Number of protein chains: 2
Amino acid sequence: MSKYFTRINLIVTFVRSKFMVMFSLSEENYLKAIFHLQTHPKAGVSTNALAEEMQTKASSVTDMVKKLSDKNLVIYKKYQGVYLSESGRETALQIIRKHRLWEVFLVEKLDFTWDEVHEVAEELEHIKSEKLISELDKFLDYPKRDPHGDPIPDAQGDFQVANKTLLSDLSKGEKGTLVGVKDTSPEFLKYLDKNDIALGKTIEVVDKEEFDGSMLIQIEDQSLRVSTMVTANIFIKI
Amino acid sequence: MSKYFTRINLIVTFVRSKFMVMFSLSEENYLKAIFHLQTHPKAGVSTNALAEEMQTKASSVTDMVKKLSDKNLVIYKKYQGVYLSESGRETALQIIRKHRLWEVFLVEKLDFTWDEVHEVAEELEHIKSEKLISELDKFLDYPKRDPHGDPIPDAQGDFQVANKTLLSDLSKGEKGTLVGVKDTSPEFLKYLDKNDIALGKTIEVVDKEEFDGSMLIQIEDQSLRVSTMVTANIFIKI
DNA sequence: TAAAATATTTAGACATCTCTAATTTTAAAA
DNA sequence: TTTTAAAATTAGAGATGTCTAAATATTTTA
């Protein structure tokens with residue numbers, strides 16, 4: 001009798017871990033923030049950096065990080081910073097997948113511009129429905145990138161890491177295609193729109209000023225001088 | 001100088017009241033529940049009825065109703081039940097508008113069935129973006145009804161109240177078109193699907209049993225016997 | 001390496017929304 | 001119309017997620 005009971009328990013545990021895991025809005029946002037800040041896979045994210053990203057206080061971060069650690073979503077040792085665990089990383093990637101799919105929907109179907117989508121997608125990414133996301137993915141014809149050029153993880157959390165370079169790292173004479181932006185703030189995106197700089201366009205470094213790093217670039221038919229504030233936020237595929 | 005200051009203040013106040021009013025998830029759900037329970041415009045909704053609808057306790061309802069009253073969303077006198085104020089009604093209608101538009105989206109664009117949409121729409125209805133809803137409305141080509149036949153309020157909160165009758169109120173020989181369902185539970189909707197009963201179909205009362213109210217109905221090519229559990233949840237337009 | 005500066009954590013408190021266990025008010029029954 | 005039953009409210013407390021202020025660790029600098 002107790003043998004059967006144990007087997008049923010194991011199945012229930014499996015089902016819950018695969019489909020019923022629910023996290024609060026705040027927990028999901030923390031996981032996403034840790035993912036974005038964790039550039040080097042083994043470098044912990046500091047409490048202050050997380051507080052800055054989450055627009056909150058360090059003490060609040062400590063509390064939440066403990067909670068996430070209790071749920072095995074992060075690895076945390078006092079004063080040592082925090083890392084995503086494997087399950088934390090999977091969860092973060094699913095939230096990012098939802099965020100980016102909704103961004104594609106907003107731009108392609110609802111006529112949003114690429115500087116308007118982030119705020120709304122921040123809310124839509126927390127809607128809980130496996131079917132909603134798989135059907136949305138199908139409806140959008142399985143897009144590989146969001147409107148800013150960022151890759152969209154698939155249902156398994158896998159995504160292509162593009163070999164891309166910052167425009168600011170290119171030398172005079174080099175050229176490539178604009179494949180992404182690092183800064184996705186409305187201010188920067190509107191600047192790009194105003195100057196007709198868009199994903200997919202060809203950019204060549206005509207001249208580079210040693211003093212301040214500013215560049216004269218040829219973007220399709222247009223010649224333009226841009227500062228490092230701009231070139232350090234544009235990704236190029238050579 | 002102070003005259004200008006006053007004018008600016010007035011404008012800001014107007015803008016906030018028109019576009020920036022934010023309510024919590026819980027507040028929005030209470031307003032919606034009160035709207036649905038308030039069948040007679042001047043009959044107050046009782047605390048217990050609200051508690052039942054909200055799946056919570058009467059004491060929690062009393063607390064929340066006081067809060068809504070402080071915000072002038074409801075009219076509330078102790079022990080006398082609660083009504084929606086004009087602004088509470090407007091807010092409730094906007095949430096219902098969003099809910100029903102999302103249901104149309106889910107069925108028409110993402111291949112959801114009419115028994116699957118409610119749960120997801122309950123989450124989507126709380127996303128805050130004027131543009132999102134107006135663009136979604138446009139994308140769906142300004143639908144007038146949701147997948148269950150319920151009317152969708154427009155941006156001003158206006159909607160058509162159809163002259164519809166319960167099938168159970170029809171007499172032998174009367175016929176009409178199926179224009180809506182009262183019970184939108186997955187169980188009932190799946191029963192309808194299984195028996196090929198759908199919106200838009202013509203139904204005629206071939207025979208009505210006096211004893212239990214059950215009916216023999218002709219629905220297009222099909223002849224079917226149905227209980228009052230069914231007939232009391234189907235709306236007909238004669 | 002000791003003092004100073006910075007980063008992080010702890011302690012205690014607050015707001016929101018919920019609950020249980022009384023208490024009070026209203027409605028129904030005798 | 002008094003008693004009883006039902007409905008609604010208040011009081012006090014718990015969970016979550018936040019904050020400020022104080023205490024403790026770590027890192028930097030002299």
Side-chain angles (χ1 to χ4, degrees), chain A residues 21-34 37-40 42-84 88 91-92 95 122-123 125-126 128, chain B residues 21-34 37-40 42-84 88 91-92 95 122-123 125-126 128:
Chain A
V21 182
M22 294 278 208
F23 302 110
S24 74
L25 189 71
S26 200
E27 288 171 335
E28 292 195 351
N29 284 332
Y30 269 92
L31 291 176
K32 201 168 44 123
I34 296 167
L37 291 172
Q38 198 176 335
T39 46
H40 306 290
K42 295 292 173 209
V45 173
S46 79
T47 303
N48 270 354
L50 242 186
E52 164 82 35
E53 178 83 8
M54 292 295 297
Q55 299 273 65
T56 185
K57 305 292 167 176
S59 56
S60 306
V61 170
T62 302
D63 286 350
M64 179 55 88
V65 159
K66 279 181 188 164
K67 208 171 106 182
L68 294 173
S69 181
D70 290 344
K71 297 189 178 186
N72 294 312
L73 292 165
V74 302
I75 292 141
Y76 168 64
K77 287 195 211 97
K78 276 190 201 177
Y79 297 101
Q80 302 301 121
V82 63
Y83 314 72
L84 286 179
T91 306
I95 300 163
E122 286 286 297
E123 291 188 54
E125 71 189 7
H126 300 290
K128 282 156 174 68
Chain B
V21 182
M22 295 279 208
F23 303 110
S24 75
L25 190 70
S26 201
E27 289 170 335
E28 292 196 350
N29 284 331
Y30 269 92
L31 290 176
K32 202 169 43 125
I34 297 168
L37 292 173
Q38 197 177 335
T39 45
H40 306 290
K42 294 292 174 212
V45 173
S46 78
T47 303
N48 271 354
L50 243 185
E52 164 83 33
E53 178 82 9
M54 292 295 298
Q55 300 274 65
T56 186
K57 304 293 167 176
S59 57
S60 306
V61 170
T62 303
D63 285 351
M64 180 54 88
V65 160
K66 279 182 188 166
K67 209 172 104 181
L68 294 174
S69 181
D70 290 344
K71 297 189 178 185
N72 293 312
L73 293 165
V74 301
I75 292 142
Y76 168 65
K77 286 197 212 96
K78 275 191 203 176
Y79 297 100
Q80 303 301 122
V82 64
Y83 313 71
L84 286 179
T91 306
I95 300 163
E122 285 287 296
E123 290 189 55
E125 72 188 6
H126 300 289
K128 279 147 176 76

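Naming convention: chains lettered A, B, ... in sequence-line order (proteins, then strands); numbering from 1 in each chain. These numbers were taken from a predicted model, which means no experiment stands behind them.
Picking from dT9(D), dT10(D), dT26(D) the nucleotide with the shortest atom distance to the side chain of Y79(A) gives dT26(D). Here the nucleotide nearest the side chain of S26(A), chosen from dA21(C), dT18(C), dT18(D), is dT18(D).
Here the side chains of E27(B) and L73(B) are not in contact, with every heavy-atom distance at 4.5 Å or above. Within the 4.5 Å cutoff, side-chain heavy atoms of Q38(B) are placed close to those of L84(B). The closest side-chain heavy-atom distance from L25(A) to Y30(A) is not below 4.5 Å.
Dashed line: the shortest gap from a side-chain N or O of Y76(B) to OP1 or OP2 of dT9(D) is under 4.0 Å. Distances shorter than 4.0 Å separate none of the side-chain N or O atoms of K57(B) from OP1 or OP2 on dA21(C). Distances shown here put every side-chain N or O of N48(B) at or beyond 4.0 Å from the OP1 or OP2 atom of dA6(D).
The residue K77(B) sits apart from the nucleic acid: no heavy atom pair falls under 4.0 Å. Within the 4.0 angstrom heavy-atom criterion, only backbone atoms of the sugar-phosphate kind lie near T47(B); the bases stay farther away. When heavy atoms are screened at a 4.0 angstrom cut-off, S60(B) is found touching base atoms of the nucleic acid.
Both S59(A) and K78(B) lie close to DNA chain D; mapped to their nearest nucleotides by heavy-atom distance, the more 5′-ward contact belongs to K78(B).
Side-chain atoms of T62(A) stay outside donor-acceptor range of the base of dT10(C), with no qualifying N/O pair under 3.5 Å.
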